[in-house]
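Working notes, beginning with the structure itself.
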Amino acid sequence: MKRGLCLILMVLLAACGSDDPAPVKDPPILSNETMPKQLATIAVTPTETPVMFGDQSQQGVSVSQPTNTASAPLPTPTMTPYVGIFLGAAEGEEGEAVPTLAPYAINPMGGASVNSSGGIAPAGSTGGSGGACSVPVMAAFSTAYTSVQAQLGCPTTGGTTTNLVTQPFERGQLYWRDTRQIFALSSGGQFWQTADTWQEGMPADDPAFAAPSGLIQPVRGFGLVWRSNQAIRDALGWGTLPEAPYSAMWQDFERGAMFMGANNQIYAIFPAEGRHSGPLAQ
């Protein structure tokens with residue numbers, strides 16, 4: 001009986017309580033209308049997981065990034081020789097061939113001579129100095145030869161009498177030999193040698209070269225060489241007398257020649273050097 005009364009009393013007390021439910025707390029107010037981020041912890045494996053190829057029972061092979069291999073060095077560039085193609089002779093503006101200069105070009109400094117074929121005269125052998133020569137020096141040259149023996153070497157011929165033509169100039173001489181060679185000897189020691197290519201019917205002189213009073217322009221073969229080569233013209237100057245023929249002794253040597261000039265003066269010429277010595281003491 002007492003237990004029943006207690007249950008009834010407890011029900012009545014609950015009914016007499018407050019009708020208001022328990023207050024619900026407001027959610028947190030967030031700034032900038034963003035939700036709080038939740039951090040996640042990721043476990044990192046310290047070593048790479050081996051990848052298995054083929055039979056799973058075989059040992060795994062780790063795949064890694066390929067190693068960069070240095071490229072083979074490129075070859076060093078070299079110049080490629082250019083092979084030109086000859087396009088034919090040069091022509092003028094109207095299609096005509098450009099005139100070819102006469103073959104009188106000589107070393108302007110007298111460093112070498114030009115022989116009859118247009119080539120440089122050879123230097124000759126190196127023997128003959130410091131010993132007796134098998135060919136004797138002409139008696140007329142024996143005294144003068146002692147001063148030029150080292151330069152000339154030994155005689156190669158026994159000497160001869162030849163026909164020469166000479167013309168004096170302000171600063172030297174021109175000589176013509178019957179081998180149709182012209183030799184220019186300046187007072188400064190320079191020497192030029194070239195072929196005489198003047199022919200009958202060619203102009204003997206050039207009115208464009210007006211000689212000063214008391215001087216003359218060389219003519220014919222001498223004139224052609226003189227007008228065609230400024231180096232010779234500048235070295236010799238104008239002619240002082242007309243050309244004149246004469247006979248003289250001539251002897252060839254290993255590296256040059258000796259000959260009798262005008263007024264019996266002796267000269268030694270060294271074609272390969274483009275020099276001469278003279279007049280020499282007799």
Side-chain angles (χ1 to χ4, degrees), residues 106-116 120-125 128-129 133 135-196 218 221-222 225-226 229 231-282:
I106 322 176
N107 188 324
M109 297 304 296
S113 63
V114 176
N115 57 31
S116 59
I120 300 300
S125 63
S129 59
C133 298
V135 178
V137 178
M138 295 181 71
F141 300 147
S142 59
T143 301
Y145 173 69
T146 58
S147 63
V148 293
Q149 178 179 1
Q151 294 172 277
L152 284 178
C154 284
T156 58
T157 64
T160 185
T161 299
T162 186
N163 295 320
L164 299 175
V165 175
T166 184
Q167 182 173 7
F169 285 75
E170 294 178 289
R171 295 179 295 275
Q173 303 87 31
L174 280 176
Y175 288 93
W176 177 92
R177 191 183 177 189
D178 52 10
T179 55
R180 292 189 61 82
Q181 295 285 317
I182 292 178
F183 309 102
L185 285 70
S186 75
S187 300
Q190 292 174 302
F191 172 80
W192 293 267
Q193 172 183 333
T194 186
D196 175 18
F222 282 167
V225 169
W226 183 84
N229 296 274
I232 293 178
R233 190 167 63 250
D234 292 344
L236 299 184
W238 295 90
T240 57
L241 292 172
E243 61 186 49
Y246 71 104
S247 295
M249 289 177 287
W250 184 287
Q251 188 169 18
D252 292 317
F253 290 77
E254 291 177 301
R255 293 181 290 277
M258 297 185 74
F259 69 96
M260 192 74 71
N263 301 321
N264 293 327
Q265 295 175 322
I266 298 175
Y267 290 89
I269 58 175
F270 317 104
E273 299 178 18
R275 303 289 298 176
H276 78 85
S277 293
L280 299 174
Q282 300 185 41

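Remember, it's a predicted structure, so these values are computed and weren't measured experimentally. FYI, side chains are in, hydrogens and waters are out, and symmetry mates aren't considered; it's all heavy atoms of this structure.
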Is [Y] close to [X] at the side-chain level, that is, under 4.5 Å between some pair of heavy atoms?
| X | Y | answer |
| --- | --- | --- |
| Ile182 | Leu174 | yes |
| Phe169 | Pro218 | yes |
| Thr143 | Gln282 | no |
| Trp250 | Arg177 | yes |
| Tyr145 | Cys133 | yes |
| Thr156 | Phe253 | no |
| Pro155 | Pro136 | no |
| Ile266 | Phe141 | yes |

How many angstroms lie between atom [atom1] of [X] and atom [atom2] of [Y], to the nearest 0.5 angstrom?
| X | Y | atom1 | atom2 | value |
| --- | --- | --- | --- | --- |
| Gln190 | Leu185 | CD | CG | 10.5 Å |
| Trp176 | Leu164 | CH2 | CG | 8.5 Å |
| Thr194 | Arg180 | OG1 | CZ | 11.5 Å |
| Trp226 | Gln167 | CH2 | CD | 10.0 Å |

Tyr246 and Tyr175 aromatic ring geometry - parallel, tilted or perpendicular at 30°/60° bounds: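 The arrangement is perpendicular - the two ring planes meet at more than 60°.
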
Shortest non-hydrogen separation from Gly256 to Leu152 and the atoms involved: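 That closest heavy-atom pairing would be CA-CD2, 3.8 Å.
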
Output side-chain donor-acceptor pairs under 3.5 Å for residues 235-245, partner residues at least two apart or in another chain, one line each.
| from | atom 1 | to | atom 2 | distance (Å) |
| --- | --- | --- | --- | --- |
| Thr240 | OG1 | Pro168 | O | 3.3 |

Test side-chain contact (heavy atoms from CB on, under 4.5 Å) applied to Leu280 and Met258, step by step: CA-CA 10 Å; Leu280 299 174; Met258 297 185 74; 4.1 Å; yes

Kindly say whether [Y] contributes a backbone atom to a donor-acceptor pair with the side chain of [X] at under 3.5 angstrom?
| X | Y | answer |
| --- | --- | --- |
| Arg255 | Ala150 | yes |
| Arg171 | Ser187 | no |
| Glu254 | Cys154 | yes |
| His276 | Ser186 | yes |
| Gln173 | Thr166 | no |

CA sep, side-chain torsions, deciding dist, call: Thr160, Met249, side-chain contact (heavy atoms from CB on, under 4.5 Å): CA-CA 6 Å; Thr160 185; Met249 289 177 287; over 6 Å; no

Step-by-step side chain to side chain donor-acceptor pair (under 3.5 Å) determination, Thr162 to Asp178: CA-CA 7 Å; Thr162 186; Asp178 52 10; 3.0 Å; yes

Polar contact flag, side-chain donor to acceptor under 3.5 angstrom, Asn229-Trp192: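 Looking only at side-chain atoms, Trp192 and Asn229 do not form any donor-acceptor pair under 3.5 Å.
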
Working for side chain to side chain donor-acceptor pair (under 3.5 Å), residues Gln193 and Gln181: CA-CA 7 Å; Gln193 172 183 333; Gln181 295 285 317; 3.2 Å; yes

Derivation and outcome, side-chain contact (heavy atoms from CB on, under 4.5 Å), residues Asp196 and Val225: CA-CA 8 Å; Asp196 175 18; Val225 169; 5.8 Å; no

